Amino acid sequence: MLDPKKLRKETSEVALNLSRRGFNFDQNTWNDLESERKELQGSNEVQQSKLNDISKEIGLAVKEGKDATQLKEQASELTALIKTQSKTLDDLLEDINQFVLSLPNLIDEDVPDGKNEDENLEIISVGSPRQFNFSPKDHLEIGDNRGIDMEAGVKITGSRFKVLKNEIAQLQRALLNFMLDTHIKDHGYEEVYVPYIVNKDSLIGTGQLPKFEEDLFKIDGESNFYLTSTAEVPVTNLLRDEILESETLPLKYVCHTPCFRSEAGSYGKDTRGIMRLHQFEKVELVQAVESSDSEEALEELTGHAEAILQKLELPYRKVSLCSGDIGFSAAKTYDLEVWVPSQDAYREISSCSNFRDFQARRMKARWKNPSNNKIELLNTINGSGLALSRTVLAILENYQESDGSVTIPDILRNYLGKDKILN
RNA sequence: GGAGAGAUGGCAGAGUGGUCGAAUGCGCACGCUUGGAAAGCGUGUAAGGUGUCAAAGCCUUCGAGGGUUCGAAUCCCUCUCUCUCCGCCA
């Protein structure tokens, strides 16, 4: 959520910033809503104050045994007036709330301008795509009948679900442990285990609701339960309605969860294999820091995700998402894209964002600044470290051999207990 | 799933219709005291909104929503959550 004070005082600057995303901020609607709110709220508070005074007088009069009939009549009238006024005001406040909740975050100065993903800015590319002396297969050709069973997924549930078996299931588990261990031991994160079903308040807190309900799986019969689309939701909401002491910062959580996405609107996209599914595994990194530290924290956290790719010796590149491609809640985002030989392209495997105080304001995640004893909003940063299912895919494809086997990256060999699979 | 009890500030815990945003204790901050510390003493200490250079002031909030009343932490209704017992269960 954007700062309502900023929306009031710097309306045109906000509109200009949002327009970089291609978002049209309706200044007239906002100004109308606001001026009406101001007037109603002001007069309502005056009436309320009057009523409070009269009520006190009545209390005193009754205590002293005086007649308070006239005062009571006066108060009754006032109460009725306030009641109707409050109803109007409440409706208005709800409208304003919905309006503000539907505004995306402001983007940082250094976010490159651009319309869509084609205009994302490459920051660095690390490692170079392997030159195969045979024609490389895609991950499904490698894993089909040997551990990746798409048909079983369809039978059990439906399209865009998979079953992993044997060495490929083990590979995923080894990767999971490797990622968690690295973030805990090398990068100083605290592991958390959280519910995979989240409520509406949590989803509003991180920004998935109210605007993106169609991306989520909603649980039938439960009025406000949804399957989590990313660990970002349950983990960041640990901070909802909290006021943290400064000693606890920076707060660094790592969490593995399955992620459930309806993939509405992605029909026909990445339909083959395990690239884009309704359920996939992800290790998520979440940080909460004071506002002056969040830019640095994003760099650090992105580095932690990159470290996984580097240790796995997978070629990747880091891009800064352009203004037209950046997500609703983010002020700045780096995507990490791993090389996928079968597609001859880099594909997203991690997305790391600085949300500044956008999520924190929605969920009232605050900390107490000891330097001025003021309560301030936290800044939240999160990123995948990494998407597990796509990492499995990347390893299968990048490490495949001409005989159909797959070499295991050095760092994973102890975790898996093998240096080669599918041989 | 059945029966009962409960939800108050950072924590504990009073408060059953009026000056209660809320006693008291703990914690925390500052000051006094001390060679220094502890103890002791004193003062302060909820959040959000509005307002302001800053403040004062004003409004809202005692799990959430609704109702009764001039007035609700307190009475009534609905919901959520927690605890205890029973049942079931990994």
Side-chain angles (χ1 to χ4, degrees), chain A residues 1-9 30-31 33-101 193-205 209 218-219 221-226 234 237-249 251 288 357-378:
Chain A
M1 194 161 78
L2 298 180
D3 183 358
K5 279 186 191 141
K6 195 180 178 101
L7 275 174
R8 260 171 248 148
K9 286 184 188 150
W30 168 250
N31 286 329
L33 284 170
E34 259 304 291
S35 55
E36 201 185 338
R37 194 218 93 234
K38 207 168 180 176
E39 198 183 312
L40 262 176
Q41 199 167 44
S43 87
N44 199 250
E45 285 183 6
V46 170
Q47 309 292 353
Q48 194 62 255
S49 173
K50 267 191 211 164
L51 178 63
N52 287 345
D53 288 342
I54 297 176
S55 294
K56 275 180 194 169
E57 273 185 64
I58 294 173
L60 285 175
V62 167
K63 210 170 231 175
E64 292 166 20
K66 288 181 191 161
D67 176 52
T69 318
Q70 211 167 354
L71 281 173
K72 282 193 183 180
E73 270 171 35
Q74 215 180 327
S76 287
E77 274 174 44
L78 206 47
T79 303
L81 179 69
I82 289 169
K83 231 169 216 178
T84 49
Q85 228 174 34
S86 301
K87 176 80 177 91
T88 320
L89 180 62
D90 286 348
D91 290 347
L92 182 64
L93 288 175
E94 182 51 27
D95 287 349
I96 290 176
N97 190 241
Q98 289 303 317
F99 182 85
V100 175
L101 283 178
Y193 170 85
V194 296
Y196 302 157
I197 294 175
V198 294
N199 63 29
K200 211 169 215 168
D201 286 342
S202 294
L203 288 159
I204 290 172
L209 290 180
K218 186 164 194 221
I219 297 190
E222 294 286 348
S223 58
N224 64 349
F225 283 4
Y226 298 78
N237 273 281
L238 286 168
L239 307 172
R240 176 149 51 88
D241 294 320
E242 298 289 335
I243 300 174
L244 302 182
E245 296 297 330
S246 63
E247 308 86 76
T248 61
L249 302 179
L251 208 62
D357 60 13
F358 187 83
Q359 295 180 324
R361 183 172 288 106
R362 287 173 163 245
M363 64 173 78
K364 296 188 187 69
R366 295 153 294 174
W367 68 292
K368 196 162 199 175
N369 186 343
S371 72
N372 55 13
N373 235 3
K374 287 248 165 73
I375 287 165
E376 300 177 13
L377 290 169
L378 288 161

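Quantities reported herein were computed from a predicted structural model and do not represent experimental measurements. Letters A, B, ... are given to chains in the order of the sequence lines, protein chains preceding strands, and every chain is numbered from 1.
- The CG-P distance, from Leu89(A) to U60(B), rounds to 12 Å in whole Å.
- Atom CD1 in Ile54(A) sits about 15 Å away from atom C1' in U69(B), given to the nearest Å.
- Closest-nucleotide positions on RNA chain B for Lys374(A) and Ile243(A) were compared, and the one nearer the 5' end corresponds to Ile243(A).
- No engagement by Lys56(A) is indicated, since no non-hydrogen atom pair under 4.0 Å with the nucleic acid exists.
- Straight-line distance from the NZ atom of Lys9(A) to the P atom of U50(B): 9 Å, rounded to whole Å.
- Contact check, Arg366(A) against G10(B): no side-chain N or O comes under 4.0 Å of OP1 or OP2.
- A donor-acceptor contact shorter than 3.5 Å links the side chain of Ser55(A) to the backbone of Leu51(A).
- Look at the C1' atom in both U74(B) and C26(B): the space between them is 26 Å, to the nearest Å.
- A distance of about 8 Å separates the C1' atoms of A22(B) and A73(B), rounded to the whole Å.
- Looking at RNA chain B, the stems built from 3 or more consecutive Watson-Crick or G-U wobble pairs, each pair with its key distances under 3.5 Å, are B:1-7 with B:80-86, B:10-12 with B:24-26, B:27-32 with B:40-45, B:46-50 with B:57-61, B:63-67 with B:75-79.
- The nearest whole Å value for the distance from the CD atom in Gln41(A) to the C1' atom in C59(B) is 8 Å.
- Nearest nucleotide to the Ser49(A) side chain, out of U19(B), G18(B), C58(B): C58(B).
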Requested in this report: Apply side-chain contact (heavy atoms from CB on, under 4.5 Å) to the pair Tyr226(A) and Lys200(A), showing each step before the final yes or no.
Outcome: CA-CA 7 Å; Tyr226(A) 298 78; Lys200(A) 211 169 215 168; 3.7 Å; yes

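- For G49(B), neither phosphate oxygen OP1 nor OP2 lies less than 4.0 angstrom from any side-chain nitrogen or oxygen of Lys364(A).
- Contacts of Leu51(A) with the nucleic acid, taken as non-hydrogen atoms under 4.0 Å apart, involve only primed sugar atoms and P, OP1 or OP2.
- Note on Arg361(A): nothing from the nucleic acid sits closer than 4.0 angstrom, heavy atoms only.
- Rounding to whole angstrom units, CD of residue Gln85(A) and C1' of U60(B) are separated by 15 Å.
- For the P atoms, the distance linking G13(B) with G63(B) amounts to 15 Å, nearest Å.
- With a 6.0 Å radius and a threshold of 12 heavy atoms from other residues, nucleotides or ligands, Lys364(A) has its NZ atom at or below the threshold.
- Atom pair Asp53(A):CG and C58(B):P shows a separation of 8 Å (rounding to whole Å applied).
- Although no hydrogens or angles enter the test, the distance criterion places no donor-acceptor pair under 3.5 Å between the side chain of Ser49(A) and the main chain of Glu45(A).
- Under 4.0 Å is where a charged nitrogen must lie from a carboxylate oxygen, and between Arg366(A) and Glu242(A) no such pair does.
- When the C1' atom is compared between G44(B) and G10(B), the two are found 16 Å apart, to the nearest whole Å.
- Residue-level contact check: Ile58(A) touches the bases, meaning some heavy atom is under 4.0 Å from a base atom.
- Dashed line: the shortest gap from a side-chain N or O of Asn44(A) to OP1 or OP2 of C59(B) is not under 4.0 Å.
- Phosphate proximity of C70(B) to Gln74(A): absent, as no side-chain N or O sits under 4.0 Å from OP1 or OP2.
- Proximity note for Lys83(A) (side chain, C-beta onward) versus U68(B), C70(B), C59(B): the nearest is U68(B).
- Residue order along RNA chain B, read from the 5' end via each residue's closest nucleotide, puts Ser55(A) first among Lys38(A) and Ser55(A).
- The backbone N or O of Lys72(A) lies less than 3.5 Å from a partner atom in the side chain of Ser76(A), making a donor-acceptor pair.
- Distance check on atom C1': G31(B) versus C83(B) gives 43 Å, rounded to whole Å.
- Atom CD of Gln48(A) and atom C1' of G71(B) are 11 Å apart (whole Å).
- Of the candidates G48(B), C70(B), C59(B), the closest approach to any side-chain atom of Lys72(A) belongs to C70(B).
- Salt bridge status for Lys374(A) with Glu376(A): absent, with no side-chain N to carboxylate O gap under 4.0 Å.
- Residue contacts shown for Lys50(A) are absent, as no nucleic acid heavy atom lies under 4.0 Å away.
- Atom P of C76(B) sits at a distance of 38 Å from the matching atom of G27(B), rounded to the whole Å.
- Atom C1' of C59(B) sits at a distance of 47 Å from the matching atom of A37(B), rounded to the whole Å.
- Shown here is Gln98(A), whose CD atom has more than 12 heavy atoms of other residues, nucleotides or ligands within 6.0 Å.
- U60(B) and G6(B) have their C1' atoms separated by 26 Å, given to the nearest Å.
- Not a single donor-acceptor pair under 3.5 Å links the side chain of Asp357(A) to the backbone N or O of Ala360(A).
- Nearest to the side chain of Glu45(A), among U60(B), G71(B), C58(B), sits C58(B).
- Trp367(A) places a side-chain heavy atom less than 4.5 Å from the side chain of Leu249(A).
- Contacts of Lys368(A) with the nucleic acid, taken as non-hydrogen atoms under 4.0 Å apart, are absent.
- Candidate nucleotides G18(B), U50(B), U68(B) were compared by shortest atom distance to the side chain of Val62(A), and G18(B) ranks first.
- Contact annotation: Thr79(A) does not reach the phosphate of C70(B) (side-chain N/O to OP1 or OP2, under 4.0 Å).
- Remark: C1' of U52(B) and CZ of Arg8(A) are 15 Å apart, rounded to the nearest angstrom.
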